[in-house]
K.L.:
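Take this structure first; my questions come after.
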Amino acid sequence: MEAKKVWFVTGASKGLGFELVKKLLSDGYKVAATSRTVTSLTDAFGEVSENFLPLSMNITDNNDVQSVLAKTVEHFGNVDVIVNNAGYGQLGTLEELSDAEARANFDVNVFGTLNVIRNAMPYLRGQKSGNIFNISSVGGYYGGFPGWGVYCSTKFAVAGFTEALAEEAKDFGVHATVVYPAYFRTDFLTKDSVKTPENSIEAYEAARNSEKAHLDEINGNQPNDPVKAADVLIQISKEENPPVHLLLGVGAPEFLNNKIEAITKDAKSWEDLTLSTGI
């Protein structure tokens, strides 16, 4: 029987990360789970054991991330699957959000994920195997949501560097997958998980309507089950040739089609002007 892989999951105290850790432990996998506080993890999954290692981690601190990954390998002997799930949603139009608000979202969603990749790759590269799942969003390839520009741009960044990582890591037997979840019934859209702009501008009616719809109407009525999403990630981790791009959930393909149609329409409409630049 093949040995169970060791998983390292960030943002494990809620949402998809929570359901994934719960499923992994029930299936007998070894799991290092991180959150801002250990208590949130031990309350949910129990104390340190042969199969479970709860860890507090400041994902924006490279040295802390390096230390936590070292503790994981010390505890389990190795690490096989990295899931970069930690992140949060920042609402607000580009004019509304301050420099500090925008940078904070990038610090967690983008630079935090890069901290994990930077410090996990030496282990995966050394053993010449492993999987890295970077959780993006349907907003990581379709950004046409008023009031979600900064958040979507962080998820575009995650998609972009995952594509590069897949090429950089493949010679070492390491697979990188960017995951684009659609709407899943987690606490992502609760007021505790989504930040709203400190200084809103009421003139942005479309953004206010989108904000209200997401927080008051879509929240709690999402069409996808995070438990089933966890099953998908586990299955993909077993594949010999996993995808670089993984659309996840009902609704994800529709957003992709919207993006393809929009780009194709613009490209066709302006093709003559585009080609006029040739020498």
K.L.:
Can the ring centroids of Tyr142 and Tyr180 be said to lie less than 6.0 angstrom from one another?
P.N.:
no

K.L.:
Mind checking the CG-CG spacing from Leu246 to Leu233? Nearest 0.5 Å is all I need.
P.N.:
6.5 Å

K.L.:
Decide ring pair (Phe, Tyr, Trp, His ring centres under 6.0 Å) for Phe76 and Phe8; before the verdict, give the C-alpha distance in whole Å, the side-chain angles of both, and the deciding distance to 0.1 Å.
P.N.:
CA-CA 11 Å; Phe76 292 119; Phe8 181 89; 9.9 Å; no

K.L.:
Taking all heavy atoms of Pro243 and all of Thr177, pick out the closest pair and write down the distance.
P.N.:
O-OG1, 2.5 Å

K.L.:
Please tabulate, one pair per line, all N/O donor-acceptor pairs under 3.5 Å involving side-chain atoms of residues 262-270, not counting sequence neighbours.
P.N.:
from	atom 1	to	atom 2	distance (Å)
Thr264	OG1	Ile260	O	2.7
Ser269	OG	Lys265	O	2.8

K.L.:
Within the 3.5 Å criterion, strictly below it, is a donor on Asn109 or Thr154 matched to an acceptor on the partner's side chain?
P.N.:
yes

K.L.:
Start with the C-alpha gap between Trp7 and Ile234, add the side-chain angles, then the distance that decides, and say whether side-chain contact (heavy atoms from CB on, under 4.5 Å) holds.
P.N.:
CA-CA 10 Å; Trp7 290 62; Ile234 293 170; 4.2 Å; yes

K.L.:
To the nearest 0.5 Å, what is the distance between CZ on Phe172 and CG on Leu124?
P.N.:
11.0 Å

K.L.:
Kindly list each side-chain donor-acceptor pair under 3.5 angstrom involving residues 50-63, sequence neighbours excluded, with atom names and distances?
P.N.:
from	atom 1	to	atom 2	distance (Å)
Asn58	OD1	Thr60	N	3.1
Asn58	OD1	Thr60	OG1	2.7
Asp61	OD1	Asn63	N	3.0
Asp61	OD1	Asp64	N	3.2
Asn62	OD1	Arg118	NH1	3.0
Asn62	OD1	Asn119	ND2	2.9

K.L.:
Enter the distance from Gln90:CD to Ser153:OG here, rounded to the nearest 0.5 Å.
P.N.:
10.5 Å

K.L.:
Closest heavy-atom contact between Ala159 and Gly140?
P.N.:
CB-O, 4.0 Å

K.L.:
Give every residue pair that meets the salt bridge (Lys or Arg N to Asp or Glu O under 4.0 Å) criterion with at least one member in residues 94-112, sequence neighbours excluded.
P.N.:
Glu96-Arg208, Asp99-Arg103

K.L.:
Does any part of the side chain of Thr34, heavy atoms only, come nearer than 4.5 Å to the side chain of Val68, both counted from C-beta?
P.N.:
yes

K.L.:
Can you see which heavy atom on Val65 is nearest to which on Asn115, and at what distance?
P.N.:
CG1-O, 3.6 Å

K.L.:
Under 4.5 Å between side-chain heavy atoms, chaining through other members, with only Ile, Leu, Val, Met, Phe, Trp and Tyr counted: pull out the rest of the cluster around Leu275, sorted by chain and number.
P.N.:
none

K.L.:
Among side-chain atoms of Gln235 and Ser237, is any donor-acceptor pair under 3.5 angstrom?
P.N.:
no

K.L.:
Could you list the cluster mates of Val244? Members are the ILVMFWY residues connected by side-chain heavy atoms closer than 4.5 Å, either directly or through other members.
P.N.:
none

K.L.:
Between Pro242 and Asn131, is any pair of side-chain heavy atoms under 4.5 Å apart?
P.N.:
yes

K.L.:
Please check if the distance between the ring centroids of Phe18 and Phe45 is under 6.0 Å.
P.N.:
yes

K.L.:
Quick one: pull up NE2 in His75 and OG in Ser49 and give me the separation to the nearest 0.5 Å.
P.N.:
6.0 Å

K.L.:
Is there a side-chain contact between Ile82 and Ile117, using heavy atoms and a 4.5 Å cut-off?
P.N.:
no

K.L.:
Contact between Leu91 and Pro197 at the side-chain level, heavy atoms closer than 4.5 Å - yes or no?
P.N.:
yes

K.L.:
Just by distance, with hydrogens left out, do Thr42 and Thr39 show a side-chain donor and acceptor under 3.5 Å apart?
P.N.:
no

K.L.:
Report the distance from atom OG of Ser13 to atom CG of Leu41, rounding to the nearest 0.5 Å.
P.N.:
6.0 Å

K.L.:
Do Ser136 and Val179 make a side-chain contact, defined as non-hydrogen atoms from C-beta onward lying under 4.5 Å apart?
P.N.:
no

K.L.:
For residues Tyr88 and Val194, determine if any side-chain heavy atom of one lies less than 4.5 Å from a side-chain heavy atom of the other.
P.N.:
no

K.L.:
Check the pair Val9 / Leu24 against side-chain contact (heavy atoms from CB on, under 4.5 Å), numbers first and verdict last.
P.N.:
CA-CA 10 Å; Val9 182; Leu24 287 167; 4.3 Å; yes

K.L.:
I'd like to know if the side chain of Lys259 and the backbone of Tyr141 have a donor-acceptor N/O pair within less than 3.5 Å.
P.N.:
yes

K.L.:
Spell out, yes or no, whether Phe156 and Trp148 are grouped together once hydrophobic residues are joined by side-chain heavy atoms under 4.5 Å, including indirect joins.
P.N.:
no

K.L.:
Check for a donor-acceptor pair, side chain of Asp80 on one end and backbone N or O of Val6 on the other, with a separation under 3.5 Å.
P.N.:
yes

K.L.:
So, taking the atom named CG in Asp231 and the one named CG in Leu20, what distance separates them when rounded to the nearest 0.5 Å?
P.N.:
9.5 Å

K.L.:
Testing the basics here: between Ser35 and Ser40, what is the closest heavy-atom pair and its distance to 0.1 Å?
P.N.:
OG-OG, 3.3 Å

K.L.:
Of all the heavy-atom pairs spanning Ala33 and Val21, show the shortest one and how long it is.
P.N.:
CB-CG2, 4.1 Å

K.L.:
Got a list of side-chain donor-acceptor pairs under 3.5 Å for residues 162-170, not counting sequence neighbours?
P.N.:
from	atom 1	to	atom 2	distance (Å)
Thr162	OG1	Asn134	ND2	2.9
Thr162	OG1	Val158	O	2.6
Glu163	OE2	His245	NE2	3.2
Glu167	OE1	Lys170	NZ	2.9

K.L.:
Quick one, Val178 and Phe161 - any side-chain contact, counting heavy atoms below 4.5 Å?
P.N.:
no

K.L.:
Can you tell if the side chain of Leu16 reaches within under 4.5 Å of the side chain of Ile135, non-hydrogen atoms only?
P.N.:
yes

K.L.:
In sequence, state the C-alpha distance, the side-chain angles, and the governing distance for Val81 and Val83, and then conclude on side-chain contact (heavy atoms from CB on, under 4.5 Å).
P.N.:
CA-CA 7 Å; Val81 184; Val83 182; 4.3 Å; yes

K.L.:
Work out which heavy atom in Gly251 is nearest to a heavy atom in Ala182; give both atom names and the distance.
P.N.:
C-CB, 4.2 Å

K.L.:
Mind running side-chain contact (heavy atoms from CB on, under 4.5 Å) on Phe133 and Ile236 for me, showing each step along the way?
P.N.:
CA-CA 10 Å; Phe133 291 102; Ile236 293 294; 3.6 Å; yes

